[in-house]
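This report refers to the structure that appears directly beneath it.
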Amino acid sequence: MSVRKLKPVTPGQRFRVVNGFDAITTDKPEKSLLAPLKKSGGRNSQGKMTVRQKGGGHKRRYRIIDFKRDKQDVVAKVVSIQYDPNRTAFIALVEYTDGEKRYIIAQNGLKVGQEISAGSKAAPEIGNALPLTDIPLGTIISCIELRPGQGAVIARSAGTFAQLMAKDGKFVTVKMPSGETRMILSGCLATVGAISNSDHQLLVSGKAGRSRWLGRRPRTRPVAMNPVDHPMGGGEGRASGGHPRSRNGIPAKGFRTRSRTKNTNRYIIERRKK
């Protein structure tokens, strides 16, 4: 992984830091694993705007990702590492011995030609997916399930990873990317290794136009609004806006919104740091 700082030949490139893409091996996606992706513009099924600051952006095609890794005990070879416009991580095209091709989230260090597999018989090596009970303690893991067979939901974005801390009966203890420590059923699958493209956090867009390419529209600061538009709006002159809160009045910056009576609270051993 590497990043490149561009020469300031234009104002938009003066501070721009781009991805080196040295891990990418091809720029042509697998046609059989592509699906159309329609833009919502922040509108729901009734056509009403439910999310602000969304719209426009470059046209994309969805890459069908295998989050379940349910083809177990069959060896697959990594064909290529590719860029995916729909996520921050890179993806890997793998081909199984029976000829089937699938996309998976690429782990850091995954190489073209490497053989990977899934299932309890797989070795705890980078790219292999195993039940949590079969992974050694202290291992760096990613793409973790919360319920067996559900598919990966935890640690899927660029550079993220969790760590397996302890095993106790039918549960294992995992330290999450947020710093939270929680129990997960030992039958859930997880992939060994951290997610690729860890330099994603170092990128600098350089200009407002790049946000528009990504489908993000301009955002008005709440302090600059009128009282009718936002709780932090109004006031004489450049008023600070009072207590930080959202558009519908929920306090921000440290206010805990998780329900105290939530059923899954009993699985959380230590909450994430503030």
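Source: prediction; values computed, not measured.
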* To do: Could you walk me through whether Arg182 and Met176 pass side chain to side chain contact (heavy atoms under 4.5 Å, CB included), step by step?
  => CA-CA 8 Å; Arg182 69 165 289 149; Met176 311 284 256; 3.5 Å; yes
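- With a 6.0 Å radius and a threshold of 12 heavy atoms from other residues, nucleotides or ligands, Arg4 has its CZ atom at or below the threshold.
- Between atom NZ of residue Lys54 and atom CZ of residue Arg52 there is a gap of 13.5 Å, rounded to the nearest 0.5 Å.
- A 4.5 Å side-chain heavy-atom check between Leu132 and Ile184 finds at least one atom pair inside the cut-off.
- At least one donor-acceptor pair closer than 3.5 Å links the side chain of Glu145 to the backbone N or O of Gly151.
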* Kindly indicate, with the supporting measurements, whether the criterion side chain to side chain contact (heavy atoms under 4.5 Å, CB included) is fulfilled by Ile141 and Phe161. => CA-CA 6 Å; Ile141 54 176; Phe161 60 87; over 6 Å; no
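- The two residues Asp199 and Ser2 make their nearest non-hydrogen contact at OD2-N, 3.3 Å.
- Residue Leu202 is not grouped with residue Leu6 when hydrophobic side chains (ILVMFWY) are merged at heavy-atom distances under 4.5 angstrom, including chains of intermediate members.
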* side-chain hydrogen bond (donor to acceptor under 3.5 Å, both in side chains) between Arg245 and Asn248: does it pass, once the steps are laid out? -> CA-CA 8 Å; Arg245 55 188 64 245; Asn248 51 7; over 6 Å; no
* To do: Decide yes or no on ring-ring contact (aromatic ring centres under 6.0 Å, His included) for Phe21 and Tyr83, but give the supporting numbers first.
  => CA-CA 8 Å; Phe21 292 115; Tyr83 168 77; 5.7 Å; yes
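- Using a distance-only test at 3.5 Å, with no hydrogens or angles considered, a donor-acceptor pair links the side chain of Ser142 to the main chain of Gly193.
- Using a 4.5 Å heavy-atom threshold, the side chains of Ile195 and Gln107 count as touching.
- Thr25 contributes no side-chain N or O that, together with a main-chain N or O of Ser80, makes up a donor-acceptor pair within less than 3.5 Å.
- Distance check: Arg217 CZ to Ser211 OG gives 12.5 Å after rounding to the nearest 0.5 Å.
- The two residues Gly127 and Leu110 have their closest heavy-atom pair at CA-CD1, 4.0 Å.
- With rounding to the nearest 0.5 angstrom, the CD1 atom of Ile144 is 8.5 Å from the CG atom of Leu164.
- A donor-acceptor distance shorter than 3.5 angstrom exists from the side chain of Ser196 to the backbone of Ala106, with no hydrogens or angles considered.
- Tracing side-chain contacts under 4.5 Å through hydrophobic residues (I, L, V, M, F, W, Y), one never reaches Leu34 starting from Leu93; they form parts of separate clusters.
- Residues Ile269 and Met165 form no side-chain contact, since every pair of their non-hydrogen atoms from C-beta on lies 4.5 Å or further apart.
- Smallest separation of non-hydrogen atoms from Val223 and Ala239: CG1-O, 3.1 Å.
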* Can you list the steps and then say if Gln72 with Leu189 is a side chain to side chain contact (heavy atoms under 4.5 Å, CB included)? -> CA-CA 11 Å; Gln72 300 194 352; Leu189 280 184; 3.7 Å; yes
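- Hydrophobic clustering places Val153 together with Val174 (ILVMFWY residues linked when any side-chain heavy atoms are closer than 4.5 Å, directly or through intermediates).
- The list of salt bridge (Lys or Arg N to Asp or Glu O under 4.0 Å) pairs with a residue in residues 89-105, not counting sequence neighbours, reads Glu30-Lys101, Asp66-Arg102, Asp70-Arg102, Lys71-Asp98, Lys71-Glu100, Glu100-Arg102.
- The main-chain N or O of Arg16 is never found under 3.5 Å from a side-chain atom of Ser205 such that the two would form a donor-acceptor pair.
- Residues Leu185 and Phe171 have side chains in contact (heavy-atom distance under 4.5 Å, counting atoms from C-beta outward).
- Heavy atoms only, all atoms of each residue included: Pro124 and Pro136 are closest at CB-CD, 3.7 Å.
- Judged by distance alone, with hydrogens and angles left aside, the side-chain atoms of Gln114 form a donor-acceptor pair with the main-chain N or O of Lys111 at under 3.5 Å.
- In terms of modelled atom types and a separation under 3.5 Å, the side chain of Lys77 and the main chain of Val112 share no donor-acceptor contact.
- The shortest side-chain heavy-atom distance between Arg156 and Thr160 does not fall under the 4.5 Å cut-off.
- Put simply, the side chain of Asn128 gets close to the backbone of Ser117: a donor and an acceptor are under 3.5 Å apart.
- More than 12 heavy-atom neighbours from other residues, nucleotides or ligands sit within 6.0 angstrom of NZ on Lys39.
- Residue Asn19 holds its CG atom at 10.5 Å from OG1 of Thr88, rounded to the nearest 0.5 Å.
- Annotation: side chain of Val3 is not in contact with side chain of Val18 (no heavy-atom distance under 4.5 Å).
- Connection of Val94 to Val192 is not established within any shared hydrophobic cluster, with ILVMFWY side chains joined at heavy-atom distances below 4.5 Å, either directly or through further cluster members.
- Atom CZ of Phe15 is surrounded by 12 or fewer heavy atoms from other residues, nucleotides or ligands within 6.0 Å.
- Shown here for Cys143 and Ile105, the closest heavy-atom pair between the two residues is SG-CB, 3.9 Å.
- In this structure, the separation between CZ on Arg14 and NZ on Lys5 is 8.5 Å, given to the nearest 0.5 Å.
- With a 4.5 Å cut-off on side-chain heavy atoms, Leu37 and Arg61 do not count as touching.
- There is a path of hydrophobic side-chain contacts, each under 4.5 Å, that joins Val74 to Val78.
- Side-chain contact between Ser240 and Met232 is absent, with no heavy atoms from C-beta onward closer than 4.5 Å.
- Taking CD1 from Ile268 and CE from Met183, the interatomic distance works out to 10.0 Å, rounded to the nearest 0.5 Å.
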* Asked: Going through the distances and angles, do Ser198 and Asn108 end up as a side chain to side chain contact (heavy atoms under 4.5 Å, CB included)?
  -> CA-CA 8 Å; Ser198 54; Asn108 214 357; 4.0 Å; yes
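- The two atoms that bring Lys68 and Gln150 nearest to each other are CE-O, 3.7 Å, heavy atoms only.
- Remark: side-chain polar atoms of Asp229 are not paired, donor with acceptor, to backbone N or O of Gly234 under 3.5 angstrom.
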* So Arg258 and Thr264, side-chain hydrogen bond (donor to acceptor under 3.5 Å, both in side chains) or not? Walk me through it. -> CA-CA 11 Å; Arg258 186 179 171 89; Thr264 53; 3.0 Å; yes
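- A donor-acceptor pair is defined here as one N or O able to donate and one able to accept, closer than 3.5 Å; such a pair exists between the side chain of Gln163 and the backbone of Gly138.
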